[in-house]
There are 2 protein chains.
Amino acid sequence: MQSKYLPAEERRSLTVEAVVVLSGAQNPSEITTAAIAKHMNVTQGALFRHFPTKDAIWEAVMEWVTNRLLDRIDHAAEGACSPMDGLRAMFMSHIEFVIEYPGVPRMMFGELQRAEAAPATKIARMLIKRYAERLAKKLEEAKAAGEAANDLDTHAAAILFIGMIQGLVMQSLLSGDIKAVRTHAHGVLGIYLRGVKSGASDAETLNARTPRGKIRR
Amino acid sequence: MQSKYLPAEERRSLTVEAVVVLSGAQNPSEITTAAIAKHMNVTQGALFRHFPTKDAIWEAVMEWVTNRLLDRIDHAAEGACSPMDGLRAMFMSHIEFVIEYPGVPRMMFGELQRAEAAPATKIARMLIKRYAERLAKKLEEAKAAGEAANDLDTHAAAILFIGMIQGLVMQSLLSGDIKAVRTHAHGVLGIYLRGVKSGASDAETLNARTPRGKIRR
DNA sequence: CCAATAATAGTAATTGCTTACTATTATCCG
DNA sequence: CGGATAATAGTAAGCAATTACTATTATTGG
């Protein structure tokens with residue numbers, strides 16, 4: 001049983017943890033302060049002793065996510081023996097992060113599509129931006145090392161990298177099993193890495209016929 | 001100006017259209033019946049002449065999406081001259097669909113992560129399933145035609161295909177410009193197709209590999 | 001053709017319920 | 001004690017849904 005009367009900082013930390021856990025089981029945008037409080041064995045009103053508004057709770061959560069996720073992928077990338085291997089390590093550590101905290105990608109996507117940019121939304125945006133920067137850097141390194149195709153569109157490659165995660169998460173939502181992410185991660189990554197890699201069929205692949213007609217809107 | 005007292009079917013159709021439009025500008029899960037009604041120049045209660053519940057509105061919307069999207073990609077695939085070209089055509093028509101109805105991928109993702117499986121959720125799931133089936137079929141055809149690598153993990157390739165769309169949509173949420181999807185679509189697709197394609201470096205590509213050429217810079 | 005009538009599609013107001021948030025009171029511990 | 005913290009018991013607002021009623025359209029029989 002959790003003791004009552006914890007110091008404020010610890011209570012805030014437990015609040016963030018509760019939100020992360022609850023996001024793994026239900027739509028993050030539908031999590032109420034009452035549900036958070038109940039999960040902490042505390043009354044709903046008590047939360048507002050530690051956070052001025054509900055938005056502030058989400059802000060703290062997104063900050064937590066930022067620190068945790070970037071820490072992990074940075075650490076993973078450090079241990080790699082080449083840029084391409086670094087990408088692989090970043091991806092795999094991200095996958096493990098998602099399995100550990102399945103609510104995170106869901107709250108991210110939900111946060112990003114909110115109409116008005118709440119503080120939490122800005123932090124989420126910043127996280128993606130910083131993530132993309134790290135990816136771009138690694139991809140440029142891979143190019144310089146001759147591991148990646150020298151005509152590679154690094155911006156597109158970064159988008160696809162993030163899309164890999166998104167696609168796997170969506171698949172797990174369908175199967176209802178978050179572990180499915182791990183099952184298919186290798187296959188997806190393999191296709192990605194081959195697409196990024198330097199190889200025989202470099203240029204002409206990208207410029208094949210593209211039905212890009214103007215479409216009225 | 002829209003006239004009042006429309007036949008029921010037309011009013012239902014207009015309701016679906018309103019939801020689709022509104023989803024392009026705000027978080028779909030936050031769209032209220034009052035907002036839908038306002039966009040139609042009708043009172044909130046009037047909606048319930050044509051739909052028993054709000055869930056029923058979402059159900060109709062998801063059915064609309066299913067028919068429209070599958071129709072489009074089926075039609076696009078028909079005009080292709082090879083399986084691989086079919087994949088390209090499906091992707092591009094999907095991209096145009098997303099640009100035309102930017103709310104659709106957002107409502108899809110939101111719907112899929114709802115805790116209880118509402119009727120609309122089931123339709124959304126079914127849509128993805130049918131979509132994935134079409135992709136798997138095309139990918140198998142590509143294999144048979146020797147266009148795709150014969151050791152390709154078609155399931156993973158289907159997940160990554162859907163992830164491409166998700167990644168591009170997420171990117172557009174960040175930039176606030178849906179047209180950005182079209183800008184980066186070609187680059188992302190190029191990487192994907194190269195990853196799927198049959199080529200010199202088939203099998204060993206999946207394993208880490210030393211840079212083969214000289215190191216530039 | 002054309003009133004009388006039925007059926008349908010709308011409005012305005014209100015329902016019960018849930019929500020984020022707050023004012024007040026009770027409790028702990030140095 | 002006294003200062004910080006939690007619990008209690010609210011409030012006002014927003015939500016989907018319902019109700020009672022009105023306006024429009026469709027159908028029918030003489």
Atom-pair distance ([atom1] on [X]; [atom2] on [N]), nearest Å:
| X | N | atom1 | atom2 | result |
| --- | --- | --- | --- | --- |
| K38(B) | dT11(C) | NZ | C1' | 17 Å |
| L47(B) | dA12(C) | CG | P | 14 Å |
| R11(A) | dA4(D) | CZ | C1' | 14 Å |

Name each donor-acceptor pair under 3.5 Å that joins a side chain in residues 61-70 of chain B to protein atoms two or more places apart or in another chain, with its distance.
| unit_1 | atom_1 | unit_2 | atom_2 | d |
| --- | --- | --- | --- | --- |
| T66(B) | OG1 | M62(B) | O | 2.9 |
| N67(B) | ND2 | E63(B) | O | 3.3 |
| R68(B) | NH1 | Y101(B) | OH | 3.3 |

Residues that [X] engages under ring-ring contact (aromatic ring centres under 6.0 Å, His included), provided they are two or more places apart:
| X | result |
| --- | --- |
| F109(B) | F109(A) |
| H50(B) | none |
| Y192(B) | F161(B) |

Spell out protein contact along nucleotides 15-25 of chain D as letters: B when the base is contacted, S when just the sugar-phosphate is, - when no protein heavy atom is under 4.0 Å; keep the 5' to 3' order.
-> SBBB-BB-BS-
Give every residue pair that meets the salt bridge (Lys or Arg N to Asp or Glu O under 4.0 Å) criterion with at least one member in residues 119-134 of chain B, sequence neighbours excluded.
->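 Every salt bridge (Lys or Arg N to Asp or Glu O under 4.0 Å) pair that includes a residue of residues 119-134 of chain B, provided the two are not neighbours, is D74(B)-R134(B).
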Between the side chains of N27(A) and S29(A), does any donor sit under 3.5 Å from an acceptor?
->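 The criterion, which ignores hydrogens and geometry beyond distance, is satisfied for S29(A) and N27(A).
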Distance check: side-chain N/O of H50(B) vs OP1/OP2 of dT8(C), anything under 4.0 Å?
-> no
